[in-house]
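What follows is a short report on a single structure.
Per chain, numbering begins at 1; letters A, B, ... match sequence-line order.
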Amino acid sequence: MVAPRLRFAPSPTGFLHVGGARSALYNWLTARRTGGAFVLRIEDTDDERNREEWVDDLADALRWLGLDWDEYYRQSSRGDLYAAAARQLEESGHTYWCECTREAIDARAKERGGPPGYDGFCRDRDLGPGDGRVVRFRTPREGATVVPDVVRGNPSFENSTIEDFVLVRSNGKAMFILANAVDDGDMRMTHVVRGEEHLPNTPKYLLLWDALGYGEHPVFAHLPLLVNEKRQKLSKRRDPVAVEQYREEGYLPDVMVNFLALIGWGPGDGREKLTREELIAEFRLEDVGSSPGFFDVAKLRSFNGDAIRALSAADFVAAALPFLERAPWSDRLDRTTFERIAPLVQERVAVLSEVVPMVDFLFLDEPEIEQASWDKTMKGDAAGVLDGVLAAYESVTWEPDALKDALTAVGEAAGLKLAKAQAPVRVAVTGRTVGPPLFESLEVLGRDRVLARLRAARSRL
RNA sequence: GGCCCCAUCGUCUAGUGGCCUAGGACACCACCCUCUCAAGGUGGAGACACGGGUUCGAAUCCCGUUGGGGCUGCCA
């Protein structure tokens with residue numbers, strides 16, 4: 001048996017779509033398990049989608065996910081191959097030239113009152129090449145084409161329902177369907193794993209495949225679509241779909257991979273947290289489900305938080321640092337200071353970008369006071385608490401337990417529980433009502449800066 | 001309109017004729033823990049779209065209905 005060959009064939013659109021990432025992942029997992037090849041093929045036959053930086057972004061995102069490829073191709077540099085295939089098809093009588101404009105096609109359809117689409121007007125006119133003419137495939141009028149698909153069963157399409165589709169544009173360039181089939185044939189692909197939106201195209205692909213004599217059909221796996229909460233295909237206009245976006249928010253690549261694998265597939269025994277190695281060993285295209293999946297960001301967040309908490313302290317610091325280095329105050333960032341508070345932050349964030357607002361008070365000269373937090377806490381007994389704490393913290397031993405005891409005592413004197421008494425102190429020092437444990441935060445910040453902030457807050461009351 | 005796909009808790013799913021008074025996870029609710037927020041613990045609510053068959057027996061098989069989705073470009 002020949003080694004499997006699989007490919008991810010994205011069109012550059014400026015970012016890696018999560019649906020595309022899942023297709024890439026399923027291909028990659030299958031290739032890695034079977035010792036086959038994973039091919040990255042950029043489908044850039046449309047000039048408008050052929051921007052270098054877009055291609056780079058795609059590759060970067062794939063690398064970030066850890067999906068490495070064994071071979072790399074660009075359709076834009078394989079035009080000769082498509083032209084040769086088109087000639088071969090013309091010589092074997094599988095194609096014909098057509099001069100119908102879109103307008104003419106639509107007008108005839110409207111006149112007929114029938115369904116929209118091409119009617120085969122030029123099929124028997126025996127036209128030659130010429131200005132504005134395209135090459136169409138002469139679709140068989142009889143028979144049916146079956147798509148061998150491990151997730152859909154084997155859907156069958158009546159050839160009579162497939163119109164004579166365009167293979168070569170009037171500018172001489174190959175259409176997606178031609179380039180796609182020719183490349184898969186030329187590259188000897190054994191599996192085609194892609195989104196369900198390609199299913200209706202597949203009979204055309206197979207008709208071409210046979211006409212070109214490529215032999216045995218590849219095995220298909222048309223993956224269920226990823227949908228939004230309205231059950232529609234994830235769209236870049238409405239939904240957060242860019243893998244790069246999740247990367248910037250601080251999702252871990254392994255979590256992304258794990259989560260993507262789980263939309264439409266599972267190991268069958270209820271386990272949900274799987275390592276990359278487990279995924280490679282256990283993933284099977286045959287076990288992929290067939291109903292659409294919702295990309296549930298809340299669940300992704302939960303998984304990510306779990307994974308962050310599972311990191312070693314050193315790994316967490318390393319993972320968080322790039323996010324801190326992008327903060328506006330990064331010039332004052334001090335790694336040692338961050339390391340002191342890091343373990344307390346680690347268990348409180350679900351995504352890495354959340355680290356920044358949780359520790360900024362350590363690096364800013366003045367804490368960034370959130371107005372809502374201020375309004376909520378700086379009233380009632382706040383002034384008395386601040387006065388009391390100010391006095392106590394002048395001389396208290398500067399370590400968490402002592403700081404806590406002192407504040408507790410101040411609160412009790414005013415008849416306040418610690419939960420209540422700590423609030424104005426927290427806001428005065430960190431600017432927010434939520435954050436890492438207060439007394440450890442105070443310890444790291446240091447007595448002088450804490451006292452200064454408490455005084456500043458007190459004077460603003 | 002035509003062609004095709006899909007249908008278990010809100011979501012991702014387990015379930016492949018009896019183990020199902022349908023299991024897990026995320027989300028949600030309550031309580032516990034607690035210096036805030038998380039995390040953690042305990043408990044709770046929550047689904048087989050509908051109608052016909054087949055069968056001793058159906059979430060599981062078949063048909064239909066309804067609902068949802070995709071495709072229908074000289075985009076990919």
### Message
Going by side chain to side chain contact (heavy atoms under 4.5 Å, CB included), A:Val288 matches just one of A:Leu223, A:Ile263, A:Val193. Which one?
### Response
A:Leu223
### Message
Using the side chain to side chain contact (heavy atoms under 4.5 Å, CB included) definition, which of the options A:Asp183, A:Val182, A:Asp184 pairs with A:Asn180?
### Response
A:Asp184
[X] [atom1] to [N] [atom2]: how many Å, rounded?
{"X": "A:Tyr96", "N": "B:C74", "atom1": "OH", "atom2": "P", "answer": "12 Å"}
{"X": "A:Tyr205", "N": "B:C71", "atom1": "OH", "atom2": "P", "answer": "19 Å"}
{"X": "A:Lys204", "N": "B:G70", "atom1": "NZ", "atom2": "C1'", "answer": "13 Å"}
{"X": "A:Arg152", "N": "B:G70", "atom1": "CZ", "atom2": "P", "answer": "13 Å"}
{"X": "A:Phe165", "N": "B:C3", "atom1": "CZ", "atom2": "C1'", "answer": "15 Å"}

Reckon [X] touches a base, only the sugar-phosphate, or nothing at all at heavy-atom distances under 4.0 Å?
{"X": "A:Gly305", "result": "nothing"}
{"X": "A:Pro437", "result": "base"}
{"X": "A:Glu272", "result": "base"}
{"X": "A:Arg426", "result": "base"}
{"X": "A:Val166", "result": "sugar-phosphate"}
{"X": "A:Gly293", "result": "sugar-phosphate"}
{"X": "A:Ser290", "result": "sugar-phosphate"}
{"X": "A:Pro436", "result": "base"}
{"X": "A:Glu99", "result": "nothing"}
{"X": "A:Arg301", "result": "nothing"}
{"X": "A:Leu438", "result": "base"}
{"X": "A:Phe439", "result": "base"}
{"X": "A:Ala298", "result": "sugar-phosphate"}
{"X": "A:Arg309", "result": "sugar-phosphate"}

If only side-chain N and O atoms of [X] are considered, is one of them under 4.0 Å from the OP1 or OP2 phosphate oxygen of [N]?
{"X": "A:Thr408", "N": "B:C35", "answer": "no"}
{"X": "A:Arg169", "N": "B:A76", "answer": "yes"}
{"X": "A:Arg102", "N": "B:G73", "answer": "yes"}

#### Entry: 5' priority, RNA chain B, between A:Phe157 and A:Phe295 [closest heavy atom]
A:Phe157
### Message
Here's a test of your reading of the structure: between A:Leu262 and A:Ser156, which maps to the more 5' nucleotide of RNA chain B?
### Response
A:Ser156
Under a 3.5 Å limit for both distances, which nucleotide forms a Watson-Crick or G-U wobble pair with [N], could you say?
{"N": "B:C61", "result": "B:G53"}
{"N": "B:C26", "result": "B:G10"}
{"N": "B:C3", "result": "B:G70"}
{"N": "B:A47", "result": "none"}
{"N": "B:C35", "result": "none"}

### Query
Is there a salt bridge (charged side-chain N to carboxylate O under 4.0 Å, His left out) between A:Arg301 and A:Glu354 once you walk through the steps?
CA-CA 12 Å; A:Arg301 267 183 70 84; A:Glu354 289 171 353; 3.0 Å; yes
Report the nucleotide, chosen from [options], that has the shortest atom-to-atom distance to any side-chain atom of [X].
{"X": "A:Asn201", "options": "B:C35, B:C3, B:A76", "answer": "B:A76"}
{"X": "A:Glu197", "options": "B:C74, B:C71, B:C26", "answer": "B:C71"}
{"X": "A:Arg136", "options": "B:C37, B:A76, B:C74", "answer": "B:C74"}
{"X": "A:Gln422", "options": "B:C26, B:C35, B:C12", "answer": "B:C35"}
{"X": "A:Leu225", "options": "B:G70, B:C4, B:C35", "answer": "B:G70"}
{"X": "A:Glu196", "options": "B:C5, B:A38, B:A76", "answer": "B:C5"}

### Query
A:His198 stacking on B:A76: centroids under 5.5 Å, ring planes under 30°?
yes
Give me the distance, rounded to whole Å, that separates [N] from [M] when you measure between the [atom1] atoms they each carry.
{"N": "B:G43", "M": "B:A49", "atom1": "P", "result": "29 Å"}
{"N": "B:A59", "M": "B:C19", "atom1": "C1'", "result": "15 Å"}
{"N": "B:C3", "M": "B:C61", "atom1": "P", "result": "25 Å"}
{"N": "B:G68", "M": "B:A27", "atom1": "P", "result": "30 Å"}
{"N": "B:U13", "M": "B:G2", "atom1": "C1'", "result": "34 Å"}
{"N": "B:C71", "M": "B:U54", "atom1": "P", "result": "40 Å"}
{"N": "B:A45", "M": "B:G53", "atom1": "P", "result": "34 Å"}
{"N": "B:C48", "M": "B:G40", "atom1": "P", "result": "30 Å"}

### Query
If you measure from CG on A:Leu262 to CG on A:Leu274, what distance do you get to the nearest 0.5 Å?
6.5 Å
Is the backbone N or O of [Y] less than 3.5 Å from a side-chain atom of [X], with the two atoms forming a donor-acceptor pair by type?
{"X": "A:Asp164", "Y": "A:Arg136", "answer": "no"}
{"X": "A:Tyr118", "Y": "A:Phe121", "answer": "yes"}
{"X": "A:Gln422", "Y": "A:Val425", "answer": "no"}
{"X": "A:Arg41", "Y": "A:Arg74", "answer": "no"}

Under 3.5 Å donor-acceptor pair, [X] side-chain atoms to [N] base atoms:
{"X": "A:Arg348", "N": "B:C37", "answer": "yes"}
{"X": "A:Asp296", "N": "B:A27", "answer": "no"}
{"X": "A:Lys299", "N": "B:A25", "answer": "yes"}
{"X": "A:Ser170", "N": "B:C74", "answer": "yes"}

### Task
For residues A:Tyr205 and A:Phe220, establish whether the separation of their ring centroids is below 6.0 Å.
yes
### Query
Cationic tip of A:Lys273 within the cone over A:Phe303's six-membered ring, i.e. under 6.0 Å and within 45° of the normal?
yes
### Task
List the atom of A:Thr377, the atom of A:Ala423, and the distance in Å for their closest heavy-atom pair.
CG2-CB, 3.7 Å
### Message
With a 4.0 Å cut-off on N to O distance, would you call A:Glu272 and A:Lys299 a salt bridge?
### Response
yes
### Message
If you take any heavy atom closer than 4.0 Å to RNA chain B, which residues from residues 409-421 of chain A end up in contact?
### Response
A:Leu418, A:Ala419
